[in-house]
There are 2 protein chains.
Amino acid sequence: MDKTLLEKFKDTLHTNGMKCTPARLLIFKEVYSSSEHFDADEIYFRMRREKKAVSRATVYRTLDLLVENGFVSRVNVGASQVHFENTLAQEHHEHLVCTQCGKIIEFSDKVIEKQQNLICEEHDFFPTKHNLIIFGLCDKCRKRNN
Amino acid sequence: MDKTLLEKFKDTLHTNGMKCTPARLLIFKEVYSSSEHFDADEIYFRMRREKKAVSRATVYRTLDLLVENGFVSRVNVGASQVHFENTLAQEHHEHLVCTQCGKIIEFSDKVIEKQQNLICEEHDFFPTKHNLIIFGLCDKCRKRNN
DNA sequence: ACTGTAATTGAAACTCATTCTCATTTAGAA
DNA sequence: TTCTAAATGAGAATGAGTTTCAATTACAGT
């Protein structure tokens with residue numbers, strides 16, 4: 001994990017008058033230990049397993065804090081829990097979600113982005129965020145089915 | 001409300017060996033009484049107000065039944081509850097959601113649809129459903145803000 | 001029309017993800 | 001080192017939705 005990122009996080013805490021606590025640092029590191037999607041409970045249980053337990057409430061609170069400060073973003077993949085991902089390196093992307101095996105494929109597409117902007121203009125709408133999920137069957141599941 | 005639709009619903013119940021109960025018919029009519037989005041509790045409370053009370057459980061169960069049989073579809077507008085809409089006349093569409101006033105604008109766009117299919121082909125993915133939400137500010141809220 | 005029975009219903013208990021409460025602990029400014 | 005507001009953990013509370021189960025009811029077969 002990038003050293004400067006942790007420093008940036010500490011700066012953010014500092015400049016916002018928030019305390020730099022062990023719990024927050026541990027959660028931050030956990031969140032940046034992989035580039036996969038995760039939900040709050042995954043972080044919670046991973047940390048328990050690694051004997052770095054923090055309370056569930058603190059996990060939720062810290063994830064909110066990370067989202068608000070741009071270190072993490074919420075991703076909607078149609079699940080019942082909120083999913084997150086760290087914002088390291090990855091630009092905005094959309095998801096293909098296999099409804100059979102749960103596989104998630106990420107993609108991004110300039111044509112769609114552009115077209116969205118056109119549509120927003122047409123409706124006098126100022127876009128801040130968007131979310132596109134395509135549900136269906138991945139190649140393996142489709143083959144498996146027949 | 002289209003008479004034939006109610007008949008179609010009754011047929012569906014019949015051919016699937018399900019009973020044609022007052023609760024189901026009332027919910028069906030309520031769902032088709034407007035073309036707006038709604039969530040389960042809205043239906044539940046509207047029906048109480050109109051002295052056509054059915055239990056919450058029955059509302060949820062019947063909405064599932066209607067979704068499974070294509071009379072209603074689930075719509076995702078980024079809310080914490082599941083939203084629904086009846087499938088009368090309206091083709092598939094996407095949503096612009098104003099994060100300030102909650103206004104929802106519907107749109108549909110051939111270019112985006114086409115591009116989505118291209119992307120799916122590229123990934124050997126067979127799409128069955130998709131969901132695009134653009135969050136932002138509607139014209140009124142944008143003007144109000146400055 | 002009457003019966004029998006499997007489907008349906010309502011009420012309340014339950015689940016699951018998340019948020020809140022509040023007593024205790026702690027980071028970090030003075 | 002001291003003080004205090006911020007943060008934490010444990011568990012209660014919440015909200016949306018689902019399940020359970022005893023009581024009711026639609027309707028196929030007589």
Side-chain angles (χ1 to χ4, degrees), chain A residues 6-7 9-31 37-48 50-69 72-84, chain B residues 6-7 9-31 37-48 50-69 72-84:
Chain A
L6 221 202
E7 293 309 316
F9 177 49
K10 287 181 183 172
D11 282 357
T12 301
L13 290 174
H14 201 259
T15 55
N16 289 45
M18 293 182 291
K19 290 181 179 173
C20 180
T21 64
R24 284 175 175 164
L25 297 180
L26 286 173
I27 293 167
F28 184 87
K29 285 176 194 159
E30 193 63 45
V31 161
H37 291 166
F38 57 86
D39 63 44
D41 257 26
E42 268 167 50
I43 291 287
Y44 173 67
F45 284 113
R46 256 156 62 187
M47 293 182 71
R48 311 200 95 194
E50 298 166 18
K51 304 289 175 208
K52 300 171 190 166
V54 293
S55 76
R56 228 191 217 95
T58 298
V59 170
Y60 278 96
R61 287 187 282 231
T62 303
L63 285 173
D64 285 350
L65 187 165
L66 292 173
V67 169
E68 272 156 37
N69 291 284
V72 165
S73 45
R74 284 181 229 275
V75 288
N76 177 359
V77 287
S80 57
Q81 329 88 313
V82 176
H83 280 232
F84 301 90
Chain B
L6 220 202
E7 292 309 316
F9 177 50
K10 287 181 184 173
D11 282 357
T12 301
L13 290 174
H14 201 259
T15 55
N16 289 44
M18 292 182 292
K19 290 182 179 172
C20 180
T21 64
R24 283 176 176 162
L25 297 181
L26 286 172
I27 293 167
F28 184 86
K29 284 175 195 159
E30 192 64 43
V31 161
H37 291 165
F38 57 86
D39 63 44
D41 259 27
E42 269 167 51
I43 291 288
Y44 173 67
F45 284 113
R46 255 155 63 185
M47 293 182 71
R48 309 201 96 193
E50 298 166 19
K51 304 290 177 207
K52 301 172 190 167
V54 293
S55 74
R56 227 192 217 93
T58 298
V59 171
Y60 278 98
R61 287 188 282 231
T62 303
L63 285 173
D64 285 350
L65 187 164
L66 291 173
V67 169
E68 272 156 37
N69 292 284
V72 165
S73 46
R74 282 181 230 276
V75 289
N76 178 359
V77 287
S80 59
Q81 329 88 311
V82 175
H83 280 230
F84 301 90

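Throughout, a chain's letter reflects where its sequence line sits, starting with A, and its residues are numbered from 1. Being a predicted model, the structure only gives us computed values, none of them experimental.
Within the 4.0 Å cut-off from OP1 or OP2 of D/dT8, not a single side-chain nitrogen or oxygen of A/Ser55 is found. One finds a side-chain N or O of A/Tyr60 lying less than 4.0 angstrom from the OP1 or OP2 phosphate oxygen of C/dT18.
With A/Asp41 contributing its side chain and A/Tyr44 its backbone, the two residues share no donor-acceptor pair below 3.5 Å. A donor-acceptor pair under 3.5 Å is absent between the side-chain atoms of A/Asn16 and the main chain of A/Met18, judged by distance alone.
For the helix from C/dA1-D/dT30 to C/dA30-D/dT1, the terminal axes (five pairs an end, C1' atoms, rotation from four pairs onto the next four) enclose an angle of 30°, given to 10 degrees.
Taking the side chain as every heavy atom from C-beta outward, A/Val54 and A/Arg24 never approach each other to under 4.5 Å. Using a 4.5 Å heavy-atom cutoff, the side chains of B/Leu25 and B/Cys20 are in contact. A heavy-atom distance below 4.5 Å is not found between the side chains of A/Tyr60 and A/Thr58.
Of the charged side-chain nitrogens involved, at least one lies within less than 4.0 Å of a carboxylate oxygen, so that B/Asp64 and B/Arg74 count as a salt-bridged pair.
Remark: of the listed residues A/Val31, A/Leu65, A/Thr62, A/Val31 is the sole one forming a side chain to side chain contact (heavy atoms under 4.5 Å, CB included) with A/Val72.
Nearest to the side chain of A/Ala57, among C/dG10, C/dC20, C/dA17, sits C/dC20. Here the side chain of B/Arg24 is nearest to one of C/dT9, D/dT19, D/dG9, namely C/dT9. The listed nucleotides are D/dT18, D/dT8, D/dG17; the one nearest the side chain of B/Asp64 is D/dT18.
Applying the ring pair (Phe, Tyr, Trp, His ring centres under 6.0 Å) criterion to A/Phe9, with sequence neighbours excluded, gives A/Phe28, A/Phe71.
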Query raised in the report: Where along nucleotides 23-30 of chain D does protein come under 4.0 Å, by heavy atom, of base (B) or sugar-phosphate alone (S), with - for untouched nucleotides?
Result: --BBSS--

